Structure formats: structure tokens, C-alpha cells
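Numbers restart at 1 for each chain; the letters A, B, ... are given by sequence-line order, proteins then strands. Since the structure is predicted, the reported quantities are computational estimates derived from the model, not experimental observations.
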2 protein chains.
Amino acid sequence: MEETERQQLHRRGSGVSTVYETLRNEIIELKLPPGSPIDEQHLSDRFALSRTPIREALVRLAAEGLITTLTNRATIVSNIDFLGLPEFFDALTLMYRVTTRLAASNHAEGDIVAIRVQQKAFEVAVANRDVLGMIATNRDFHIAVAQAGRNRYYVELFTRLLDEGRRILRLYYSSFNDVLPRQYVGEHEEMIQAIINRDVSLADSLASAHADQIVRQIRSYITADSRQNAGLAL
Amino acid sequence: MEETERQQLHRRGSGVSTVYETLRNEIIELKLPPGSPIDEQHLSDRFALSRTPIREALVRLAAEGLITTLTNRATIVSNIDFLGLPEFFDALTLMYRVTTRLAASNHAEGDIVAIRVQQKAFEVAVANRDVLGMIATNRDFHIAVAQAGRNRYYVELFTRLLDEGRRILRLYYSSFNDVLPRQYVGEHEEMIQAIINRDVSLADSLASAHADQIVRQIRSYITADSRQNAGLAL
DNA sequence: TGTATTTTTCTTGTCGACAAAAAGTCGGCA
DNA sequence: TGCCGACTTTTTGTCGACAAGAAAAATACA
């Protein structure tokens, strides 16, 4: 009689994906910053689940590289690898190009409306000067494009790369939230048109330029010299 | 006193990776054919482990797409998606090209010897007319090249694609084991030379041709008409 | 005899508890 | 006072058992 309320808290099997998605979001949005320790017991209390399903979610996150498990010791949120940034930019640019190309050649009717929905959300974020929203909706827009390209291998890799990008940009957001790359909206529009016209090479070059823009922006965030006392006489 | 022998069977934490690697191999080598049911209890008995570490290994395999879990029902070895083969070929070709290009521009001294080691193994397999060995060593060769290119994103995707390719080719091996693509050895040699000379565009075109070869070979295996009575008069 | 419904069985999902490994703590000793 | 070693604590890895869900079997009914 007394244990009836606990039963319906989670549908059997739903708990682990809830934990997975929640933690995944918190990691990407830096609510859990890199290096944060992940305590299984704590999560067990938080989600009102035993450690077993928690552990399952953690294994999934580890497979994606979002967390790092030090065997028998601790598991922490993976650090952002700044030395590996060139690799990241290379892969990101390639995926931008390939997915946009494929979208231009393979898309169906419905794909365009899905892309347009994401583009609208992106416009709203830009209008509101919501940098965090822009980062998130830009990701969704390009994933919609990738899905129109109909290649699951690219979609998967691209998703991972864009999420990694969100994590990186989050680090720099607060100090630069007035630098709003408004031109992205127009670039997205051009890309949509090229896709509709099935102009593969135009789509490619637009994606390439777009990727360069974004890489340049991330680079500028990262290398920005914010030392206030650089000119101080010594 | 009596339970001393069980303790040293596995070092703490080693069991799950053993299970993971063993199953992974058996799936790739079609020892576990697509659609095979994966019974946790059975595996628990087989590896002399509780179901918990088994489950952990299965979650990892599922994240890689090698097994499919039907919730609350069963978990089976993932089917080979023949309808998705064009996507597969597209991604495979792109990764052949990109990794070889990067190897040409980014490789260090040590990378070449690693590549040569794999190439030797490949030559041996070809000399022995060992098709299965050829498939495996060809994979190792190209992964060595990819590693020389120094981009972990590409290495990871390429590894998955090549392993998926091994699975596909295994399906056709037995009926075509006298068709030995000997020219691959020479093509590998050319690629190595282009990499050493840091000739990126030559490396690219060689990789592209090599990929076309392999895609064509897989296609020919798959579409080969093996009907014995095709000419039978009716 | 065929179909619908209940019962059984089998497999997965979850739990609480225990064991091992590592880090932290404390005390002893030079 | 500083360093080394044993003890304690904390956290992960593993286990056996139980519960829920779905398929299979058995039963009832038309």
C-alpha cells in the first residue's frame, strides 16, 4: 500500500535516458564545467534511482567522449582539448561542406520545411541578441541540413562536432556577448536557396565560407587579448 | 579458503573490456551473425561474470551501433543495412581520401614505420591467399595511415566504417575466395610513397582510386549473380 | 476446430549490499 | 620537524536477488 507512489515515478527503462539527456545537456551548457567530478552516489540521490541505471548513462556519455573515467578512481567531465582545436576545425569544416552538398543533391520536400523551422528559431535568437540561443539554434539548423543529406554517418559525426563547438563557445560567451554575427542569418538564407535549387557546388562554397566564418569567430574569441595591463610601464 | 581461485580470474575492471572486445570481434567476424540474439544470462555464464559488467559492455556496443536493443524484449546483433550502402560508400570514400591527404601533410618519421609494418602484414595475407586476413590487414593499414594524419575524429569514424566493411565482406568471402585483388599491394605502395613525399594531391587521387576499387569490389560481390540455373530452358 | 483470454515462463531493468582499490588521515619514528 | 607506514574513509566495480514487461503456452469458449 505504502510503496505505490514510487512505482510510477519512472516508467521502466525511461530513467537511464533521462539521466543521459540531462547530464549531456548540463555538460554541453557548461553547467557542469570540464573537470567536474561525477559522483555516482550523488546522482543516485538526485534522480531517485539506484546506481545501476546511473552507471549505464555514464557509460554512454563516456562512449561519446563527454566524460572521462579514471579507472577505480573518479570520473570527471572531459576537458576541452585546446591543443586539438586544429583537428576540430578541420573536421568541422569538412562536415559543414559535405552535409550541405548532400542536402543540395538528396533533399526531399519535407526537409526544406524542417530546415526553415530551425532557421526561424535562429532568427529569433539573433533578434533577441541571445548568444546562447544562437549557438544552440545554429546547431539545430545545420543538423536539419545534415539530415536532409541522408547520410547517418555524417549526421552523427557532425552532431558531436557541433555540440563540442557549443561547449567551446560557452566558455567565451559572457565576455563577448555584444559581438553578434548577424550576417549568419543571410548566409543561412543563401544556403537554403542553393539547397532548394540543388546547386551542389554553390552549396559547397557557401558552406565552406560559413565554416570559415565560424572558425574565425571561435579563434577570435579564444585568442582575444583581454589583458588590461598590457601597456603598463615596468 | 575455498573461494580463493575465483578472485584472481579477472583483475577488477578488466572483465568488461574483455567482454566488449571479444563480442566486438565476434560480431565483426560474423561469428555472431546479424540478428543473433544476445542473452545476458548466457554471456554471464560464459565469462564467469555477473550480469552487471556484461550489461556495461553491451551498452558500449550499442553506442557503436553494433548491437540493437529492443527495450524490455531482446537485444540482437545489428543487421547490415543494405539499403544504406550508398551512404556507407560515400562516407568510406571520403574518409579514405581525407585521411590519406592528412597523412601526407602531417605524418612524422615514426608513422611511416608503423604504416610499413601493416603493409608487410597485408603482403603476407595476399601471398597466402588469405582473404579474411587481407580484409583485416587492409583495415589496419588504413587505420595506421589515418593515425599518421593526426585527426582523432576521422580516425574514429574511419575505424567504424572499415569494421562495418569487414562485416559486409565476410558475408561474401566464402563464395569468392579465389578473386584476389592483388593490385592492392601496389596501390598501397604508391600511397606510401606519396605520403613520404608529402604530395597531398597525389595521395588524394590515389586514395580516391583505391576507394573506388574497393567499393567496386564490394558491389561486385553483392550483385554477383550466383544462380546456377540461370540459363536453364523452361 | 479456431479464437480470445488467462497463466506461465523467460528476459530484461532495477535494486541494495558487499568487495576492492585508491586517496586521505593519523600516529610513530628518526 | 619532516617523512614513512598502517589505518580509515570514500568511491568505484561486482554480485545475487527481485520486479516488470513481453512472448509463449495453456485454457476456456464459441
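- In this structure, CZ of A/R55 is placed 15 Å from C1' of C/dT14, rounded to the nearest angstrom.
- Judged by distance alone, with hydrogens and angles left aside, the side-chain atoms of B/S44 form no donor-acceptor pair with the main-chain N or O of B/E40 at under 3.5 Å.
- The side chain of A/T71 has D/dG13 as its nearest neighbour among D/dG13, C/dT12, C/dT14.
- Salt-bridge annotation for B/R152 and A/E87: present, with a side-chain N of the basic residue lying under 4.0 Å from a carboxylate O of the acidic one.
- When the C1' atom of C/dT12 is taken as reference, atom CD1 of B/I67 falls 13 Å away, rounded to whole Å.
- If you check D/dG16, D/dT12, C/dG16 against the side chain of A/S50, the one that comes closest is C/dG16.
- Checking side-chain atoms of A/H107 against main-chain N and O of A/I195 turns up a donor-acceptor pair under 3.5 Å.
- In this structure, A/D45 places its CG atom 12 Å from P of C/dC15, rounding to the nearest Å.
- Atom CD in A/E40 sits about 17 Å away from atom P in C/dA17, given to the nearest Å.
- In the set C/dA20, D/dC15, C/dA17, C/dA20 carries the atom at the smallest distance from any side-chain atom of B/R12.
- Using a 4.0 Å heavy-atom criterion, one finds that B/I38 contacts the sugar-phosphate atoms exclusively.
- Between B/H188 and B/H142, the ring-plane angle classifies as perpendicular under the 30° and 60° cut-offs.
- Comparing A/T52 and A/A74 by the nucleotide of DNA chain D whose heavy atom lies nearest to each, the residue mapping closer to the 5' end is A/A74.
- Relative to the side chain of A/N72, the nucleotides C/dT11, C/dA20, C/dA22 differ in distance, and C/dA22 lies closest.
- Comparing C/dT12, D/dG16, C/dC18 by their nearest atom to the side chain of B/D39 picks out C/dT12.
- The phosphate of C/dA23 (OP1 or OP2) has a side-chain N or O of A/R73 nearer than 4.0 angstrom.
- Side chain of B/L49, nearest nucleotide from D/dA20, D/dC15, D/dC18: D/dC15.
- Rounded to whole Å, atom P of C/dC15 lies 13 Å from atom CZ of A/F47.
- Protein atom CD of A/E56 is 14 Å distant from nucleotide atom P of D/dG13, rounded to whole Å.
- A straight line from CD of B/Q41 to C1' of D/dG16 spans 11 Å, rounded to a whole angstrom.
- Whole-Å rounding puts the A/L43 CG to D/dT12 C1' distance at 13 Å.
- Scanning all heavy atoms of the two residues, the minimum distance from B/D90 to A/L102 falls at OD1-CD1, 4.3 Å.
- The base of D/dG21 lies outside donor-acceptor range of the side chain of A/R11, with no N or O pair under 3.5 Å.
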